[in-house]
Colleague: 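Quick one: the structure is below, and I'll ask about it shortly.
Counting begins at 1 with the first residue of the sequence.
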Amino acid sequence: MNDTSPLRHGAEASPLGKPVAYRDTYAPELLFPIERQLKRDEIGVRGDALPFVGEDLWNAYELSWLNARGKPVVALARFRVRADTPRLIESKSLKLYLNAFNQSRFADAGTVRETIARDLSAAAGGAVAVELMPLGERPLRQIGYPQGVCLDDLDIDIDTYQPAPALLAARGEIVSETLYSHLLKSNCLVTGQPDWGMVVVRYTGPAIEREGLLRYIVSFREHNEFHEQCVERVFCDIMARCHPQALAVWARYTRRGGLDINPFRATPGVGKADEFDECDEVRQ
């Protein structure tokens with residue numbers, strides 16, 4: 001059975017799980033910010049002493065507006081929301097916000113980018129970087145397999161489907177390696193709808209027991225939490241149980257409603273989210 005938390009999660013008044021009327025003219029008031037600290041309190045993370053750095057990397061595939069003469073422009077977009085911003089942005093509200101550009105006129109793509117950056121930064125409580133890629137420029141969007149060891153072929157029994165950090169352990173010699181799995185599944189905190197993703201763990205420290213790590217990843221299967229919150233929970237659990245000297249956790253969730261969210265959390269100096277797009281081969 002899916003877990004339900006009696007604690008406030010910040011999305012009670014969001015558009016999630018509710019019928020909405022779509023707007024087609026610019027409406028920044030549609031953005032719904034959620035305080036990150038509400039869920040960070042559950043895992044013992046203080047806002048003034050974050051144990052990680054990182055960002056939430058959003059890709060938007062459904063963005064269009066009208067140019068000054070009323071002709072549609074279609075583009076891809078990428079948003080970078082720093083992990084130290086006090087608020088995340090609820091994804092359905094972001095979809096509604098972007099859809100509201102459809103019948104709005106803008107002088108050029110630069111004006112659209114500046115408008116979105118201003119509105120997202122205000123919602124998040126910190127600077128959000130925005131990149132627009134009009135389809136006329138033929139932007140490429142490739143998704144790759146990480147350079148590392150996939151855990152998914154391990155032949156193991158699994159019977160735990162709520163987060164179980166006790167499954168994690170590390171011992172023995174110090175290693176530096178990248179482990180990943182395509183078996184991450186969690187559920188929307190409000191609607192319970194499934195969210196599918198790949199999770200990558202890159203670390204230096206005592207060797208993490210791979211079977212336990214895979215069981216732990218699968219244990220999120222019936223857990224209700226937003227993408228960003230799941231990744232922070234994974235990061236904190238691995239740090240507490242396995243004591244790596246350096247750690248990065250990166251999750252690439254699949255697209256829903258024209259958006260995908262890819263949170264990255266790491267100890268300082270480990271790397272950047274973009275480096276996790278390095279791949280042995282490209283998925284078509």
Colleague: Quick check: is V234 connected to V149 through a chain of hydrophobic side chains (ILVMFWY, heavy atoms under 4.5 Å apart)?
Modeller: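 In one cluster with V149: V234, yes.
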Colleague: Just wondering, do S104 and L66 contact through their side chains at under 4.5 Å, heavy atoms?
Modeller: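 No. Closest side-chain heavy atoms not under 4.5 Å.
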Colleague: Keeping the roles fixed (side chain from R36, backbone from E228), state whether a donor-acceptor pair exists under 3.5 Å.
Modeller: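 No, R36 side chain to E228 backbone: no donor-acceptor pair under 3.5 Å.
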Colleague: Which atoms form the tightest heavy-atom contact between R87 and A122, and what is the distance?
Modeller: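 The pair with the smallest heavy-atom distance is NH2-O, 3.2 Å.
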Colleague: Any chance you could lay out the side chain to side chain contact (heavy atoms under 4.5 Å, CB included) test for E62 and L76, step after step, and finish with the verdict?
Modeller: CA-CA 7 Å; E62 300 173 4; L76 303 182; over 6 Å; no
Colleague: Would you call N67 and R105 a side-chain contact if the rule is heavy atoms closer than 4.5 Å?
Modeller: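 No. Closest side-chain heavy atoms not under 4.5 Å.
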Colleague: Is there a side-chain contact between Y97 and I89 (heavy atoms, below 4.5 Å)?
Modeller: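 Side chain of Y97 against side chain of I89, heavy atoms only: no contact under 4.5 Å found.
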Colleague: Side chains of R78 and W58, heavy atoms from C-beta outward: is any pair under 4.5 Å?
Modeller: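 Not touching, per the 4.5 Å side-chain cut-off.
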Colleague: So, the side chain of S121 versus the backbone of R118: is there a donor-acceptor pair under 3.5 Å, distance only?
Modeller: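 Pair absent, no side-chain N/O of S121 close to backbone of R118.
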Colleague: For side chain to side chain contact (heavy atoms under 4.5 Å, CB included), just list the numbers for V53 and D84, CA-CA rounded to whole Å, side-chain angles, deciding distance to a tenth of an Å, and then say yes or no.
Modeller: CA-CA 7 Å; V53 296; D84 60 3; over 6 Å; no
Colleague: Side-chain contact, heavy-atom cut-off 4.5 Å: S93 with L30?
Modeller: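 Counting from C-beta outward, S93 and L30 never come under 4.5 Å.
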Colleague: State, without any angle test, whether Y26 and T115 hold a side-chain donor-acceptor pair at a distance under 3.5 Å.
Modeller: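 Per modelled atom types, Y26 and T115 side chains form no pair under 3.5 Å.
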Colleague: Before giving the answer on salt bridge (Lys or Arg N to Asp or Glu O under 4.0 Å), spell out for R210 and E177 the whole-Å C-alpha distance, their side-chain angles and the decisive distance to 0.1 Å.
Modeller: CA-CA 11 Å; R210 294 180 179 182; E177 63 179 354; 2.7 Å; yes
Colleague: Is there a donor-acceptor pair closer than 3.5 Å between any side-chain N or O of Y203 and the backbone N or O of I208?
Modeller: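 Yes, because the side chain of Y203 sits within donor-acceptor range (under 3.5 Å) of the backbone of I208.
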Colleague: Can you confirm whether R40 sits close enough to L50 that some side-chain heavy atom of one is under 4.5 Å from a side-chain heavy atom of the other?
Modeller: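 Result yes, sub-4.5 Å side-chain heavy-atom pair found.
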Colleague: Nearest 0.5 Å, please: how far is SG in C230 from CZ in F220?
Modeller: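 Reported to 0.5 Å precision, the distance equals 5.5 Å.
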Colleague: Please round to the nearest 0.5 Å and tell me the distance separating atom CG of L151 and atom CD1 of I217.
Modeller: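 Those atoms lie 5.5 Å apart.
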Colleague: Do D56 side-chain atoms and A83 backbone N/O form a donor-acceptor pair below 3.5 Å?
Modeller: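 Side chain of D56 to backbone of A83: no pair is present.
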Colleague: Do N102 and S64 get their side chains close enough for a donor-acceptor pair, meaning under 3.5 Å?
Modeller: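 The answer is no; no qualifying pair exists.
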Colleague: Any carboxylate oxygen within less than 4.0 angstrom of a Lys/Arg side-chain nitrogen, looking at D195 and R256?
Modeller: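 Here D195 pairs with R256 in a salt bridge, since their nearest N and O are under 4.0 Å apart.
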Colleague: Should L247 and I238 count as side-chain neighbours, where that means a heavy-atom distance under 4.5 Å?
Modeller: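 Touching, per the 4.5 Å side-chain cut-off.
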Colleague: Give a yes or no on whether a salt bridge exists between R80 and E55, defined as a side-chain N under 4.0 angstrom from a carboxylate O.
Modeller: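 Here R80 pairs with E55 in a salt bridge, since their nearest N and O are under 4.0 Å apart.
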Colleague: Is it the case that the side chain of N262 and the backbone of L57 share a donor-acceptor pair, with hydrogens and angles ignored and the cut-off at 3.5 Å?
Modeller: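 Checked: pair present.
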Colleague: Verify, without hydrogens or angle tests, whether E90 (side chain) and K92 (backbone) share a donor-acceptor contact under 3.5 angstrom.
Modeller: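 Indeed, once roles are kept as given, a pair shorter than 3.5 Å links the two residues.
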Colleague: Ignoring hydrogens, what is the shortest heavy-atom contact between V45 and C236? Give both atom names and the distance.
Modeller: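 In this case the closest contact between V45 and C236 is CG2-SG, 3.5 Å.
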Colleague: Quiz question: by atom type and distance under 3.5 Å, do the side chains of Y216 and D237 form a donor-acceptor pair?
Modeller: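 Yes, because at least one side-chain N or O of Y216 sits under 3.5 Å from a partner of the opposite role on D237.
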Colleague: If hydrophobic clusters are built by linking Ile, Leu, Val, Met, Phe, Trp and Tyr wherever their side-chain heavy atoms come under 4.5 Å apart, do I116 and Y22 end up in the same one?
Modeller: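 In one cluster: yes.
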Colleague: Work out which heavy atom in G125 is nearest to a heavy atom in P86; give both atom names and the distance.
Modeller: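 Answer, listing the atom of G125 first, then P86: O-CD, 3.6 Å.
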Colleague: Any pair with a residue in residues 125-140 that passes side chain to side chain donor-acceptor pair (under 3.5 Å), sequence neighbours left out, goes on the list, sorted by first then second residue, please.
Modeller: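 Every pair satisfying side chain to side chain donor-acceptor pair (under 3.5 Å) with a residue in residues 125-140: there are none.
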Colleague: Between the side chain of K39 and the main-chain N/O of Q229, is any donor-acceptor distance below 3.5 Å?
Modeller: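 Not confirmed, K39 side chain does not pair with Q229 backbone.
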Colleague: Under 3.5 Å, is there a donor-acceptor pair between the side chain of R202 and the main chain of A266?
Modeller: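 No; zero donor-acceptor contacts below 3.5 Å.
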Colleague: Search all heavy atoms of N99 against all heavy atoms of R23 and return the closest pair with its distance.
Modeller: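 Shortest heavy-atom contact: ND2-O, 3.2 Å.
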Colleague: With under 30° as parallel and over 60° as perpendicular, where do the rings of F106 and F101 fit, or are they tilted in between?
Modeller: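 Parallel: the ring planes of F106 and F101 meet at under 30°.
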Colleague: So, is the end of the R265 side chain (NZ or CZ) under 6.0 Å from the ring centre of F52 and within 45° of the ring's axis?
Modeller: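 Yes; both conditions hold, so R265 lies above the ring face of F52.
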Colleague: Linking I/L/V/M/F/W/Y whenever any side-chain heavy atoms sit under 4.5 Å apart, do L184 and I156 land together?
Modeller: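 Yes; I156 is reachable from L184 via cluster members.
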Colleague: Are any of the side-chain heavy atoms of W65 and L132 separated by less than 4.5 Å?
Modeller: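 Yes - at least one pair of side-chain heavy atoms lies under 4.5 Å apart.
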Colleague: Quick check for you: to the nearest 0.5 Å, what is the distance between L213 atom CG and C242 atom SG?
Modeller: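 Result: 7.5 Å between the selected atoms.
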Colleague: Atom CD in Q193, atom OG in S186: separation rounded to 0.5 Å?
Modeller: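 Result: 12.0 Å between the selected atoms.
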Colleague: Measure across D119 and P28 and return the closest heavy-atom pair with its distance rounded to 0.1 Å.
Modeller: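 Minimum heavy-atom separation between D119 and P28: OD2-CB, 3.6 Å.
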Colleague: Is there a continuous path of hydrophobic side-chain contacts, each under 4.5 Å between heavy atoms, that joins I43 to L168?
Modeller: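 In one cluster: yes.
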Colleague: Taking I261 as the starting point, is it possible to reach M133 by hopping between hydrophobic residues whose side chains are less than 4.5 Å apart?
Modeller: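 Different clusters.
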Colleague: Give, for atom CZ of F226 and atom OH of Y253, the distance between the pair rounded to the nearest 0.5 Å.
Modeller: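 Going from the CZ atom of F226 to the OH atom of Y253 covers 11.5 Å.
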Colleague: Where the side chain of Q162 meets the backbone of E222, is there a donor-acceptor pair that is under 3.5 Å apart?
Modeller: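 Checking the backbone N and O of E222 against the side chain of Q162, a donor-acceptor pair under 3.5 Å is found.
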Colleague: Give, for atom CG of L179 and atom CG of L214, the distance between the pair rounded to the nearest 0.5 Å.
Modeller: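 If we round to the nearest 0.5 Å, L179:CG and L214:CG are 10.5 Å apart.
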Colleague: Who pairs with A117 by side-chain contact (heavy atoms from CB on, under 4.5 Å), at least two apart in sequence or on another chain?
Modeller: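 Per chain and number, A117 pairs via side-chain contact (heavy atoms from CB on, under 4.5 Å) with V130.
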Colleague: Can a donor-acceptor pair be found, under 3.5 Å and without considering hydrogens, that links the side chain of D152 to the backbone of H182?
Modeller: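 Side chain of D152 to backbone of H182: a pair is present.
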Colleague: Please give me the minimum heavy-atom distance between P194 and K185, naming the atom from each residue.
Modeller: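 Minimum heavy-atom separation between P194 and K185: CB-CE, 3.7 Å.
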